[in-house]
Amino acid sequence: KDECLSRTYIFELYKILTFIKNKVMKKIYLSMLLVLGSTMLLNAQNVNIPDANFKAYLVGNTAINTNGDTEIQISEATAYTGTIECRNLLIKDLKGIEAFTALTDLDCAYNQLTTLDVSANTALTVLYCYNNKLTTLDVSANITLAYLLCSNNQLTTLDVSANTALTDLECSGNQLTTLDVSANTALTNLRSNNNQLTTLDVSANITLVYLLCGNNQLTTLDVSANTALEYLDC
């Protein structure tokens, strides 16, 4: 009888201990999940900037990195409406720029960029990306762009048909064979020299003041409609 009671006691004690263990483990698991979730949430709030030089520039810019930590939060990027001037910093990748959706001015000239995605930067009015290694450049989403300087790259095509606000377009020193500026009626400065253009129609660009189109393969050039021209180099 005593043995049966002892067994019963041990069994009940085992159930109690198991219950306590499960409760404790649940709390431990819950705590671990909370910590893991917080870490994941924190990482998700940071902008992914793989290029060390670009990240160093952004983190060191107190106007962007307002909390002074070692990361750029998405909230900091989306709130920034100023200029990013990261020229001549040996930057190879500008990934992370897409988080700066309110950015108005981007100067990334004199770097080592082979690609540049500014499709999310729809507020851009100024884009300086000259003296890089770009083979393509899509600015179709940047309809407020007024200044586009993309000279001295490796562009074979350039579509600016959506950029009707353009006043300055400098695309010299590329490998362009065609350039359609018929939609860019606000242009005052066009520099398309040192390409491979065989034709150039500027009849719609009646506000042109400066036109440089030398060192191409043009056989004719009609500037009779460009009565505002002050400088012509062909």
Q. Which pairs count as salt bridge (Lys or Arg N to Asp or Glu O under 4.0 Å) when at least one residue sits in residues 52-66, sequence neighbours excluded?
A. Lys55-Glu71
**Q.** Test side-chain contact (heavy atoms from CB on, under 4.5 Å) applied to Ile143 and Thr164, step by step
**A.** CA-CA 7 Å; Ile143 58 175; Thr164 55; 6.0 Å; no
(Q) Go through it in stages, so that I can follow the logic: the residues are Ile84 and Ile64, the test is side-chain contact (heavy atoms from CB on, under 4.5 Å), and I'd like the CA-CA distance, side-chain angles, deciding distance and then a yes or no. (A) CA-CA 9 Å; Ile84 287 182; Ile64 298 173; 4.1 Å; yes
Q. When hydrophobic residues are tied together by side-chain contacts of less than 4.5 Å, even through go-betweens, does Leu145 share a cluster with Leu149?
A. no
Q: Report yes if the side chains of Tyr80 and Thr66 come closer than 4.5 Å at any heavy-atom pair, otherwise no.
A: no
Q.
Any heavy-atom pair between the side chains of Val47 and Leu58 that's under 4.5 Å?
A. no
Q. Can you name the closest pair of heavy atoms from Asp168 and Leu187 and give their distance?
A. N-CD2, 3.9 Å
Q: Dump the intermediate steps for side-chain contact (heavy atoms from CB on, under 4.5 Å) on Leu94 and Leu106, then the final yes or no.
A: CA-CA 11 Å; Leu94 219 64; Leu106 174 59; 4.1 Å; yes
(Q) Is the shortest side-chain heavy-atom distance between Val126 and Thr83 below 4.5 Å? (A) no
Q.
Tell me the closest heavy-atom pair linking Gln73 and Asn67, and the distance in Å.
A. OE1-ND2, 2.9 Å
**Q.** Non-hydrogen atoms of Glu98 and Asn121 that approach each other most closely
**A.** CA-ND2, 4.3 Å
(Q) Given 3.5 Å as the limit, does a donor-acceptor pair link the side chain of Asn53 with the main chain of Leu89, or not? (A) yes
Q: Answer yes or no: is there a side-chain heavy-atom contact under 4.5 Å between Tyr147 and Asp105?
A: no
Q: Would you name the heavy atoms of Asn195 and Gln175 that are closest together and state the gap between them?
A: OD1-N, 3.3 Å
(Q) For Ala141 versus Ser119, what's the shortest heavy-atom pair and its separation? (A) CB-O, 3.5 Å
Q: With sequence neighbours left out, write down each residue that passes side-chain hydrogen bond (donor to acceptor under 3.5 Å, both in side chains) with Asn152, or none if nothing qualifies.
A: Asn131
Q) Are the side chain of Thr198 and the backbone of Thr178 linked by a donor-acceptor contact shorter than 3.5 Å? A) no
Q. Are any side-chain N or O atoms of Asp93 and backbone N or O atoms of Lys95, one a donor and one an acceptor, separated by less than 3.5 Å?
A. yes
Q: For the pair Tyr210 and Asp233, evaluate side-chain contact (heavy atoms from CB on, under 4.5 Å) and give the outcome as yes or no after the intermediate values.
A: CA-CA 8 Å; Tyr210 298 95; Asp233 182 355; over 6 Å; no
Q: Please confirm whether the backbone N or O of Val59 pairs with a side-chain atom of Asn61, one donor and one acceptor, at under 3.5 Å?
A: no
Q: Only pairs at least two apart or in different chains count here, so list each salt bridge (Lys or Arg N to Asp or Glu O under 4.0 Å) that has a residue in residues 74-92.
A: Arg87-Asp107
Q. Hey, are the side chains of Ile72 and Phe100 touching, using non-hydrogen atoms and a 4.5 Å cut-off?
A. yes
Q: With sequence neighbours excluded, tell me which residues meet side-chain hydrogen bond (donor to acceptor under 3.5 Å, both in side chains) with Ser192.
A: none
Q: Specify whether Tyr130 and Tyr128 have parallel, tilted or perpendicular ring planes, treating 30° as the upper limit for parallel and 60° as the lower limit for perpendicular.
A: tilted
Q.
Under the criterion side chain to side chain donor-acceptor pair (under 3.5 Å), I'd like the reasoning laid out for Ser172 against Ser151: C-alpha separation, chi angles, the key distance, then a yes or no.
A. CA-CA 5 Å; Ser172 56; Ser151 299; 3.0 Å; yes
Q: For the residue pair Asn193 and Asn215, confirm or rule out a side-chain donor-acceptor distance under 3.5 Å.
A: no
Q.
Counting only heavy atoms from other residues, nucleotides and ligands, does the tally under 6.0 Å from CG of Leu218 exceed 12?
A. yes
**Q.** Interatomic spacing from CG in Asn142 to OG1 in Thr144 - rounded to 0.5 Å
**A.** 7.0 Å
Could you go through residues 133-140 and list every donor-acceptor pair under 3.5 Å that involves a side-chain atom there, pairing it with any protein atom two or more places apart or in another chain?
residue	atom	partner	partner atom	Å
Asp138	OD1	Ser140	N	3.0
Asp138	OD1	Ser140	OG	2.7

Q. Does Ala56 have any side-chain contact (heavy atoms from CB on, under 4.5 Å) partners at least two apart in sequence or in another chain, and if so, which?
A. none
Q.
Less than 3.5 Å apart, any donor N or O on the side chain of Thr167 or Thr188 sitting next to an acceptor on the other?
A. no
**Q.** Which atom of Cys129 lies closest to which atom of Cys108, heavy atoms considered
**A.** CB-SG, 3.8 Å
